[in-house]
J.: 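Structure provided below as structure tokens; questions to follow.
Sequence lines set the chain letters: A, B, ... in the order given, protein chains first and strands last, and positions in each chain run from 1.
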Amino acid sequence: MDTLQFLADGFATAFHWRNLLFAFIGVLIGTAVGVLPGIGPMSGVALLIPITASITGGLPPEAAATSSIILLAGVYYGAMYGGSTTSILLNTPGESSSVVTTLDGYQMAKQGRAGAALSISAIGSFVAGIFAVIALIVVAEPLSEVAIKFGPADYFSLMLLGLCAVSGLAGKSITKALIMTVLGLLLATIGMDTVSGVARFTFGIPVLYSGLEFLTVAVGLFALGEVFKTILENDYSTGQTAKIGRILPTKKDLKDSAGPITRGSILGFFIGILPGAGATLASFFSYILEKKISKNPESFGKGNIAGVAAPESANNGASGGAMIPLLTLGIPGSGTTAILMGALIMYNIQPGPLLFEEHPQVVWGLIASMLIGNLLLLILNMPLVKVFAKIIQTPPKYLIPLIIAISIFGVYAVQAQIFDLMLLLGCGVAGFILARNDYPLAPLVLGLVLGPMIENNMRRALTTSNGDFMIFLQKPLSLVFLIIAALWIIVPVLLKKRGKEVVVNEEG
Amino acid sequence: MSLSPSFFNHRRCTTLNKVFDRYASIVFLLLGIGFMWQSTTISSSAYGSTVGPNIAPFSLGALLVLLSLRLFYEVLKSKDQSSKEEKLDYKRFLIIFAAAFLYAFLLETIGYIIGTFLFLLVSFQVLERGKWLKSILISGLFAVGVYVIFVVILEGSMPGFPSWLS
């Protein structure tokens, strides 16, 4: 009964006019981010952190955190709705998680069934979104009660597991992914050490004492990195969009996609919980699954509605599932959730098992608003899908400079330091160069966010054991986490050695 | 990008850039050594704990050294692949980047409104010549709009105009 009471309180929070407005703005921007090919959910969320921080500046900290995280999460799952629009109409995925949707979605559009494809993907996303939130409500509290018993050694190993999982699945080369992880962890050590108060790697420069600001690095790497890529690759042509036609799906469409939506939601949700695997993998696997169990697999790729319904449900289910490790364990499993976590930490709210006890307003407000947000998204994406299709035609030549201007404004509004603006531009260039050469950026951000916590837990564990590193192997839970972490790195390497194709995740 | 199954191959394939990776491995190696070296100058004990603030950076630096050696080895071992480099539009990028740099660097001196207006105007014109009226209108509306919302309504602090003007 406790959970229901908390949920009711959550709804009270979510129905506050400000939070309703923020949820609406969040999902609206999220859909736009999903529709616009140049901006992914990671850069969209990163870009909006400083904006929301400055808007909520005058509120009490907890209310500000609630409203901000409601908006930012809205961008995250809203992008999963919008991503399908360009896949279907343009054959260009708006996000990596909608790549599979192009296969059947664009074929459907060519056959004049674009409206049906769009509405089925909206319905699928809605079902999956609601399913994921309900599962989150059921699982979250018990899971956080288990996690609360973790000691520092267990936590250290669990976070290591999270890092290994993300590195093992990110990008083509595990070595490169691990380098980015370690680099993120190293960058996190710059500044004042929180345990002993000793300054590290500051070289007497005052601005470095507070460390490299996570926000600046994230906005630079993702938002500016992508913008620079668009400019350099001269990639701002707008294609011809297909006609949408009749929006409502037929009875047969609904019947054909009921199964795929159900399977996609469940599969996506569970893949989303796994650290490292995200929306992209979920959509991919659910497509494969549908093709495997279909009576006529040859119809896939020729406009089979199941090929749209399943992956679109799966990527939304995964984005909901990914919230579970973030909220209950404090371990983000993907780049976007790492950024969400960074946002929460900015408001002095530590995700993890204590979150449900210490800040019930924030968590339950967020959960309730996700239910509302999904409903808003269904409304936005069914009748208004034609309006969003117009967004595709936004000329990038206006969008690109505006994104740069918004990044600079946002970072300066929060940090008020020219140093951060320079760091921002530097990270933008680094983000472009690294991503271009297959160095994944998500592990770096993850390392930067988790770095201080990993180090604190390690040192707390080592203090109790008088500096004996064996403590991580003696605690049974910690040992299990470490074994899984090692397997996560070793197994893909072994598979690659044996010439197997390993599916890797780009971003979840 | 990195989805490997064969039917994703229509996406841009970035071939392994050996030259970049070789230089990158050296840079990472030096970074790792640098972090290890600098962490020896950090005091090694913390109050009541045998584990000081130098342990984590030192071991991470060592890990980075090992990984960069591994990367170097991987690059040596990998077969030569013809890299199909796309031509990059350096000219536009450099102009916009320089404009952004000046905008950021001089933000406090020339103020938000003038800086933003000029930066946007220059960038719009670099990406597409002409349509001056539209460019001026969008730049002006954005610069003034953001300033009014942030400073006047939300009471944030942002240098609006150059100090010698106000």
J.: Side chain, backbone, both or neither: which part of B:F101 has a non-hydrogen atom closer than 4.5 Å to chain A?
T.: both
J.: Check this for me, if you would: do A:D193 and A:R459 make a salt bridge, where the nitrogen-to-carboxylate-oxygen distance has to be below 4.0 angstrom?
T.: yes
J.: Is it the backbone or the side chain of B:F35 that comes under 4.5 Å from a heavy atom of chain A, or both, or neither?
T.: both
J.: Walk me through it: do B:F142 and B:F117 pass the test ring pair (Phe, Tyr, Trp, His ring centres under 6.0 Å)?
T.: CA-CA 8 Å; B:F142 181 85; B:F117 175 75; over 10 Å; no
J.: Indicate whether the side chain of B:N54 and that of B:S39 have a donor and an acceptor atom separated by less than 3.5 Å.
T.: no
J.: B:G115, B:A104, B:S139: which one forms the most heavy-atom pairs within less than 4.5 Å of chain A?
T.: B:A104
J.: Do you know which of A:I418, A:L421, A:V411, A:I404 has the most heavy-atom pairs with chain B at a distance under 4.5 angstrom?
T.: A:I418
J.: Quick one: is the NZ or CZ of A:K229 closer than 6.0 Å to the six-membered ring centre of A:F432, and within 45° of its axis?
T.: no
J.: Does any backbone or side-chain atom of B:F124 lie under 4.5 Å from a heavy atom of chain A? Answer side chain, backbone, both or neither.
T.: both
J.: Less than 4.5 Å to any heavy atom of chain B: does that hold for the side chain of A:V429, its backbone, both, or neither?
T.: side chain
J.: What part of B:F119 gets closer than 4.5 Å to chain A, counting heavy atoms only: side chain, backbone, both or neither?
T.: side chain
J.: By a 4.5 Å heavy-atom criterion (distance strictly below it), what part of B:F105 contacts chain A: side chain, backbone, both, or neither?
T.: both
J.: Does CZ in B:F20 sit with more than 12 non-hydrogen atoms of other residues, nucleotides or ligands closer than 6.0 Å?
T.: yes
J.: If I measure from the heavy atoms of chain A, does B:I138 come under 4.5 Å with its side chain, its backbone, both, or neither?
T.: side chain
J.: Taking the basic N atoms (NZ, or NE/NH1/NH2) and the acidic carboxylate oxygens, is any pair closer than 4.0 Å for A:R200 and A:E455?
T.: yes
J.: Check each atom of B:I149 against the heavy atoms of chain A and say whether the ones under 4.5 Å are side chain, backbone, both or neither.
T.: neither
J.: Heavy-atom distances under 4.5 Å only: say whether A:L425 touches chain B with side chain, backbone, both or neither.
T.: both
J.: Among A:L186, A:T175, A:T189, A:V182, which has the most heavy-atom pairs under 4.5 Å with chain B?
T.: A:L186
J.: Under a 3.5 Å distance rule, please check whether A:S98 uses its side chain to pair with a backbone N or O of A:T101 as donor and acceptor.
T.: no
J.: Quick one: what part of A:L224 sits under 4.5 Å from any heavy atom of chain B, side chain, backbone, both or neither?
T.: neither
J.: Would you say A:S87 and A:Y106 are linked by a side-chain donor-acceptor pair, where the criterion is simply a distance under 3.5 Å?
T.: no
J.: Between A:T181 and A:S167, does any side-chain donor sit less than 3.5 Å from a side-chain acceptor?
T.: yes
J.: For B:L60, which atoms come within 4.5 Å of any heavy atom of chain A: side chain, backbone, both, or neither?
T.: both
J.: So for A:L402, is it side chain, backbone, both, or neither that comes closer than 4.5 Å to the heavy atoms of chain B?
T.: both
J.: Salt bridge check: are B:D89 and B:R92 linked by an N-O gap of less than 4.0 Å?
T.: yes
